[in-house]
Protein chains: 2
Amino acid sequence: MQTDHIRLANQLCFSVYNTSRLFTKFYQRALSDFGLTYSQYLVLMALWEEDGQTLHQIGDALYLESNTLTPLLRRMEDAGWLTREKSAHDRRQLTVHLTAEGQESQGPIQQAIAECIGKEHLDIDQYNDTQETISQLETALRTLLTDESKMEE
Amino acid sequence: MQTDHIRLANQLCFSVYNTSRLFTKFYQRALSDFGLTYSQYLVLMALWEEDGQTLHQIGDALYLESNTLTPLLRRMEDAGWLTREKSAHDRRQLTVHLTAEGQESQGPIQQAIAECIGKEHLDIDQYNDTQETISQLETALRTLLTDESKMEE
DNA sequence: CTTCAATTAATCGTGCACGATTGAAAGTAG
DNA sequence: CTACTTTCAATCGTGCACGATTAATTGAAG
């Protein structure tokens with residue numbers, strides 16, 4: 001039935017939309033003490049993984065572009081988490097480095113999140129399969145949406 | 001391991017966040033022809049289900065509050081999808097009714113989404129289990145977050 | 001009836017997301 | 001070297017989300 005397809009897609013999309021908002025609120029509890037948003041936490045994670053990335057590289061990691069990242073990184077620079085400077089070898093690019101504050105905060109921030117997960121009794125182990133399943137859906141949607149833009153070339 | 005908990009939570013949250021954005025983009029393809037956003041489509045679905053709901057009732061259905069719905073409904077009224085009027089029996093409340101346009105568009109809009117699902121070869125049946133799993137996670141997070149606010153009372 | 005509490009939509013300010021465009025810089029071809 | 005193309009970050013405008021507050025209306029208690 002075609003209508004069943006729509007109903008399933010609607011329910012699935014709505015659940016994912018709701019869960020995303022709820023997860024963001026959940027993280028916000030731990031992050032608000034540091035004055036961080038979830039998106040800003042994602043940037044920190046990318047830089048903890050590898051410091052000195054360009055805006056473009058961070059965007060590749062988080063699936064975000066300059067229209068979102070430029071103001072976001074500026075706010076994080078103002079807050080003292082990182083520095084922004086034009087790359088020496090290619091002045092079009094922007095290189096982002098963590099400040100000492102940004103580096104040293106990794107432990108405390110992740111501990112705050114860990115406490116939030118523990119204290120709230122979020123049985124996260126239960127969702128090991130969920131992570132795989134949702135990742136597959138994510139991949140399917142991404143290829144579906146990016147293949148389309150390739151068609152136009 | 002505590003760090004494993006964080007890593008799983010981070011991956012899960014990031015996947016849900018990405019999937020939500022991708023799903024919104026996917027729906028946007030079908031909805032843009034009608035000048036609708038995904039959030040506005042959710043409001044239409046709630047009103048197709050039951051017309052004449054109050055802002056509060058719509059908010060209960062979509063987990064949104066007046067700070068989001070008031071401007072959203074105003075834009076939809078401006079676009080001709082619905083009408084907003086104060087309830088007769090309780091002038092604090094706002095009753096929302098579909099216009100003829102809003103009612104008649106249900107078929108075409110859902111057909112556009114169905115075509116989008118079909119044409120893009122999104123094998124949605126494959127995600128029957130995913131819907132259940134993500135719904136459980138959604139419920140867990142919601143009770144977790146709303147029980148907390150009850151503690152403060 | 002009067003006072004106080006509760007409910008409701010609206011308002012305000014901030015921070016994403018994102019489609020679209022711009023301008024600068026770098027790369028490429030002739 | 002010059003002209004053209006590509007690749008960047010930045011900018012612009014719109015529409016959510018959402019914490020916090022406000023003002024109007026209703027309900028409840030005395």
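In what follows, chains are A, B, ... by sequence order, proteins preceding strands, each numbered from 1.
Surrounding CD of B:Glu65 are at most 12 heavy atoms belonging to other residues, nucleotides or ligands under 6.0 Å away.
Contact between A:Leu12 and B:Tyr127 at its shortest, heavy atoms only, is CD2-CB, 3.7 Å. Of all non-hydrogen atoms in A:Ser15 and B:Ile134, the two that sit nearest each other are CB-CG2, 3.7 Å.
Each of A:Leu62, A:Thr54, A:Leu55 was compared with A:Ile58 under the side-chain contact (heavy atoms from CB on, under 4.5 Å) criterion, and only A:Leu62 meets it.
If A:Leu55 and A:Lys25 are placed on DNA chain D by their nearest nucleotide, the residue sitting closer to the 5' end is A:Leu55. Each of A:Ser66 and A:Arg91 was assigned the nucleotide of DNA chain C with the nearest heavy atom; the assignment lying further toward the 5' end belongs to A:Ser66. Residue A:Arg84 is the one, among B:Tyr38 and A:Arg84, whose nearest nucleotide of DNA chain D lies closer to the 5' end (criterion: closest heavy atom).
Nucleic acid contact for A:Gln40: sugar-phosphate only, since backbone atoms but no base atoms lie under 4.0 Å from a heavy atom of the residue. In this structure, A:Thr68 reaches the bases: a heavy-atom distance under 4.0 Å links it to at least one base atom across the strands shown. Residue contacts for A:Ser39: at a heavy-atom cut-off of 4.0 Å it reaches the sugar-phosphate backbone alone, with no base atom in range. Within the nucleic acid shown, B:Leu72 comes within 4.0 Å of sugar-phosphate atoms alone, with no base atom in reach, counting heavy atoms only.
Atom CG in B:Leu69 sits about 10 Å away from atom C1' in C:dA9, given to the nearest Å. Across the protein-nucleic acid pair, A:Asp90 atom CG and C:dG27 atom C1' stand 10 Å apart, rounded to whole Å. Spacing between atom CZ of A:Arg92 and atom C1' of C:dA26 amounts to 4 Å, rounded to whole angstrom units.
When only modelled atom types and interatomic distance are considered, A:Thr99 and A:Gln103 share no side-chain donor-acceptor pair under 3.5 Å.
Inter-residue side-chain proximity for B:Leu44 and B:Gln106 is flagged as unmet; no heavy-atom pair is nearer than 4.5 Å.
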- Item | Verdict with supporting geometry, A:Phe34 and A:Tyr41, ring-ring contact (aromatic ring centres under 6.0 Å, His included) | CA-CA 10 Å; A:Phe34 301 90; A:Tyr41 171 65; 9.5 Å; no
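The phosphate of C:dA10 (OP1 or OP2) has a side-chain N or O of B:Thr70 nearer than 4.0 angstrom.
On the nucleic acid side, DNA chain D contacts chain B at distances under 4.0 Å to non-hydrogen atoms, with the end points of that region at D:dG15 to D:dT26.
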